[in-house]
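Following: one structure in structure tokens, then a few remarks.
Each ligand, and each atom within it, is numbered from 1 in the order the structure gives.
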Amino acid sequence: MRVLLIGSGGREHALAWKIRQSPIVTALFCAPGNPGINTIAESVEIKATDTKGLLKFAREQSIDLTIVGPEQPLAEGIVDLFEENGLTIFGPTKAASELECSKVFAKEFMKKYAIPTAEFRSFTVAERFDAERYINEVPIPIVIKADGLAAGKGVAVCETKEQALEVLDMMMEQKAFGDAGLRVVIEEFLVGDEASVFVITDGKEFIILPPAQDHKRILDADQGKNTGGMGAYAPAPIVTDQILERIRHAIIKPTLVNMAKEGRPYRGCLYVGLMITETGPKVVEYNCRFGDPETQVLMPLLDSDLVTLFIDASSGNLKRTIKFKHQSAVCVILASGGYPDSYETGKHIVGLDVAGAEPDVLIFHSGTKQTKEGIVTAGGRVLGVTALGQQDDLEGTIDKAYRAVEKIAFDGAYYRSDIGKKGVERLKQRQQMETR
Ligand code: AMP
Ligand code: GLY
């Protein structure tokens with residue numbers, strides 16, 4: 001198998017690490033890759049969004065399987081393009097990736113098929129006054145979401161009506177997200193704990209990966225601004241077996257069955273972002289790809305061949321046999337000081353080898369660059385440090401991850417110090433209930 005992976009983040013490094021272990025892979029290319037990925041895959045100087053360039057490369061290099069990491073190429077229809085040209089590619093078509101690319105589509109779809117999600121209404125620019133009236137009618141807090149892709153920045157949780165009106169103005173009048181904000185979803189604020197559930201599907205059959213929890217805010221105790229994700233752990237005890245069954249029957253099955261019914265069969269990885277509320281799990285958002293940093297904890301937990309799984313899913317032959325290690329995994333993200341606002345780059349990173357030599361520790365690169373003098377920072381999220389440990393000892397796994405993190409240094413390095421803490425508290429609560 002000659003495999004092409006598209007993307008350049010920590011998610012892709014974790015995927016590449018797992019793909020590399022496949023006994024059926026003879027060559028692995030990554031476009032464009034990063035210095036971490038480039039130690040295990042051959043880097044290809046083509047941008048992830050250059051779908052035509054990628055098609056040309058895949059044909060010339062007789063690529064047997066292409067795997068898409070980020071959402072942009074999916075939104076541009078890379079899967080349709082490759083399939084029209086007879087190539088095998090893992091990911092949803094343009095029509096299926098609407099579940100992520102249009103929040104209005106996703107919400108209308110969930111409403112039509114009674115999939116649990118926050119109450120909402122959607123508005124176009126022409127309906128701006130109706131949107132303002134709606135904001136004044138409904139209780140706060142409320143959540144406003146730009147319809148289209150906005151690099152994770154198109155969602156605002158508004159604590160006051162004034163703030164909501166400002167956000168509406170910013171999206172519709174000042175066009176802060178371009179066309180993506182010309183339609184908006186205004187929805188009810190959901191209270192609960194968030195969880196990420198990933199599904200690998202061929203459109204009919206599906207496999208659910210262990211539930212994970214991301215840490216989206218920049219500061220400890222979920223304070224401060226939203227980021228791409230500051231750390232993750234899996235399995236997340238908030239998603240009990242009972243809750244997972246509800247997610248399977250009330251959310252995942254109806255999503256896949258009805259996407260097919262709508263003429264948009266969903267193949268690839270479906271990321272279901274959930275709020276576990278008092279009345280059960282509800283969908284916060286769908287994404288049409290793997291999540292980052294969740295993938296950095298899920299790949300090390302997978303005990304089956306990823307490439308076979310991708311080929312089976314891409315060709316409509318998914319078998320429901322897949323194994324996971326009975327372990328826990330924790331990933332701590334090291335970020336550039338200042339992120340998610342502006343930050344400096346080009347800082348020398350030391351300690352990568354020492355940290356990477358720790359037992360049960362993996363280092364995945366996100367925003368790094370190779371220079372003559374060594375590896376330097378080149379992005380907001382710089383590295384992901386993942387540790388593996390016993391499943392019932394999440395605390396021990398967290399300690400292992402932080403011990404490795406402390407061996408890495410660069411000017412301005414920042415990380416949250418409470419990754420996984422919520423999971424530890426949940427496990428303790430559960431143990432107390434069981435002994436009662
Ligand atoms: P999204 O990009 O839709 O995942 O939204 C980003 C973040 O905003 C989510 O991870 C949640 O923390 C928060 N969020 C989005 N929608 C809601 C909601 N309806 N209720 C509460 N929080 C939300
Ligand atoms: N973990 C958040 C995301 O990948 O969108």
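At a heavy-atom cutoff of 4.0 Å, ligand 1 is contacted by the side chain of V143 but not by its backbone. Residue contacts with ligand 1 for M275 involve side-chain atoms from C-beta outward but no N, CA, C or O (heavy atoms, distance under 4.0 Å). Of the heavy atoms in F290, none comes closer than 4.0 Å to ligand 2.
Between E294 and ligand 2, at least one pair of N/O atoms sits closer than 3.5 Å. At under 3.5 Å, a nitrogen or oxygen of R289, whether backbone or side chain, sits near a nitrogen or oxygen of ligand 2. Note: an N/O pair closer than 3.5 Å links D292 and ligand 2 by distance alone.
The protein atom (non-hydrogen) at minimum distance from atom 10 (O) of ligand 1 is E194 OE1, 2.7 Å. Of all protein heavy atoms, the one lying nearest to atom 7 (C) of ligand 1 is N226 ND2, 3.9 Å. In terms of protein heavy-atom proximity, atom 8 (O) of ligand 1 is closest to V155 CG1, 3.7 Å. Distance from atom 20 (N) of ligand 1 to its nearest protein heavy atom, with residue and atom name: L190 N, 2.8 Å.
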Show your working on ring-ring contact (aromatic ring centres under 6.0 Å, His included) between Y134 and F123 and close with a plain yes or no. CA-CA 10 Å; Y134 186 67; F123 301 92; 5.6 Å; yes
Test side chain to side chain donor-acceptor pair (under 3.5 Å) on D292 and Q296; report intermediate values, then the result. CA-CA 7 Å; D292 201 2; Q296 301 186 50; 2.8 Å; yes
The test is side chain to side chain contact (heavy atoms under 4.5 Å, CB included); show your working for L87 and L55 and say whether it passes. CA-CA 9 Å; L87 295 175; L55 174 68; 3.6 Å; yes
Are D147 and R183 close enough, and set up right, to give a salt bridge (charged side-chain N to carboxylate O under 4.0 Å, His left out), and what steps lead you there? CA-CA 5 Å; D147 177 48; R183 281 205 296 179; 3.4 Å; yes
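When K400, K325, R403 are each tested for a salt bridge (Lys or Arg N to Asp or Glu O under 4.0 Å) with D360, only one passes: K400. Considering K282, K107, K111, E187 as possible partners of T117, the one that fulfils the side chain to side chain donor-acceptor pair (under 3.5 Å) test is K107.
Within ligand 1, the atoms closer than 4.0 Å to a non-hydrogen atom of F189 are 20 (N), 21 (C), 22 (N), numbered from 1 in the order shown. Interface of Y271 with ligand 2, defined as ligand atoms under 4.0 Å from a residue heavy atom, comprises 1 (N), 2 (C), 3 (C), 4 (O). Which parts of ligand 1 touch V284 is read off a 4.0 Å heavy-atom cut-off, strictly below it: atoms 15 (C), 16 (N).
For atom 3 (O) of ligand 1, the candidate residues are E119, K145, R217; the nearest heavy-atom contact is made by K145.
Heavy atoms of G229 stay at 4.0 angstrom or farther from ligand 2.
For D220 (side chain) and S417 (main-chain N/O), a donor-acceptor pair under 3.5 Å exists by modelled atom type.
The ring of Y414 has its center no closer than 6.0 angstrom to the ring center of Y339.
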